[in-house]
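To keep things clear, I will list the structure first and then write my remarks on it.
Note that the numbering runs from 1 along the sequence shown for the chain.
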Amino acid sequence: MSGRTDSGTDTDLAISEAEGLVDEDPADGEPGDEGTEDHGGEARRARWTAAGTGALLTLAGLAAALLRLTGSEPALVPAAYALGAAVCAFAAFLGFRGRTRRALWLLIVGTMIMALGDQFD
């Protein structure tokens, strides 16, 4: 026993090459396997998307809170919009810092708080 844990052996590779199952050009790669993929760019886009979405929802929540504050709605409505905007602002901060998964969930919670405030109207 050689101590190898994988099931593929050199003879299996030689047989599959002989049958034409293995590509001759290793530069082609497998489908979905990009050797030069830039994970840093993908993370950067995720951070900017989370921060931008959080900022946009924050501005929308603050604008809705100010509009509802001047109306005849109960005080709970603008407070819910303002609280939702604050949660979205915190999500934008977390997204900018790279915590995109937590930022996504906070964006969902902030939007739900604003929607709940709209139901009190």
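Shown here for Y81 and G117, the closest heavy-atom pair between the two residues is CE1-C, 4.4 Å. Nearest heavy-atom pair across T53 and L107 is CG2-CD1, 4.0 Å.
Applying the ring-ring contact (aromatic ring centres under 6.0 Å, His included) test to pairs two or more places apart or on separate chains, none has a residue in residues 99-121. Evaluation of the salt bridge (Lys or Arg N to Asp or Glu O under 4.0 Å) test over residues 47-71, restricted to residues two or more places apart or in two chains, returns R68-E73, R68-D118, R68-D121. Every pair passing ring-ring contact (aromatic ring centres under 6.0 Å, His included) that includes a residue from residues 43-78 is listed here, sequence neighbours excluded: W48-F96. The salt bridge (Lys or Arg N to Asp or Glu O under 4.0 Å) contacts involving residues 87-97 comprise nothing, where partners must be two or more places apart or lie in separate chains.
With sequence neighbours excluded, the residues satisfying side chain to side chain contact (heavy atoms under 4.5 Å, CB included) with R102 are L94, R99. A50 meets the side chain to side chain contact (heavy atoms under 4.5 Å, CB included) test with T100, A103; sequence neighbours excluded.
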Scan the side chains in residues 54-63 for donor-acceptor partners under 3.5 Å anywhere in the protein, sequence neighbours excluded, and list what turns up.
from	atom 1	to	atom 2	distance (Å)
T58	OG1	G54	O	2.6
T58	OG1	A85	O	3.4
T58	OG1	A89	N	3.0

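Residues L104 and M112 share a hydrophobic cluster, clusters being chains of Ile/Leu/Val/Met/Phe/Trp/Tyr side chains in contact below 4.5 Å. When the side chains of ILVMFWY residues are joined at heavy-atom separations under 4.5 Å, either directly or via intervening members, I113 and V77 end up in two distinct hydrophobic clusters. Neither L116 nor L83 shares a network with the other; the hydrophobic side chains, linked directly or stepwise wherever heavy atoms of I, L, V, M, F, W or Y lie under 4.5 Å apart, form separate groups for each.
We find the CG-OG1 distance between L106 and T111 to be 10.5 Å, quoted to the nearest 0.5 Å.
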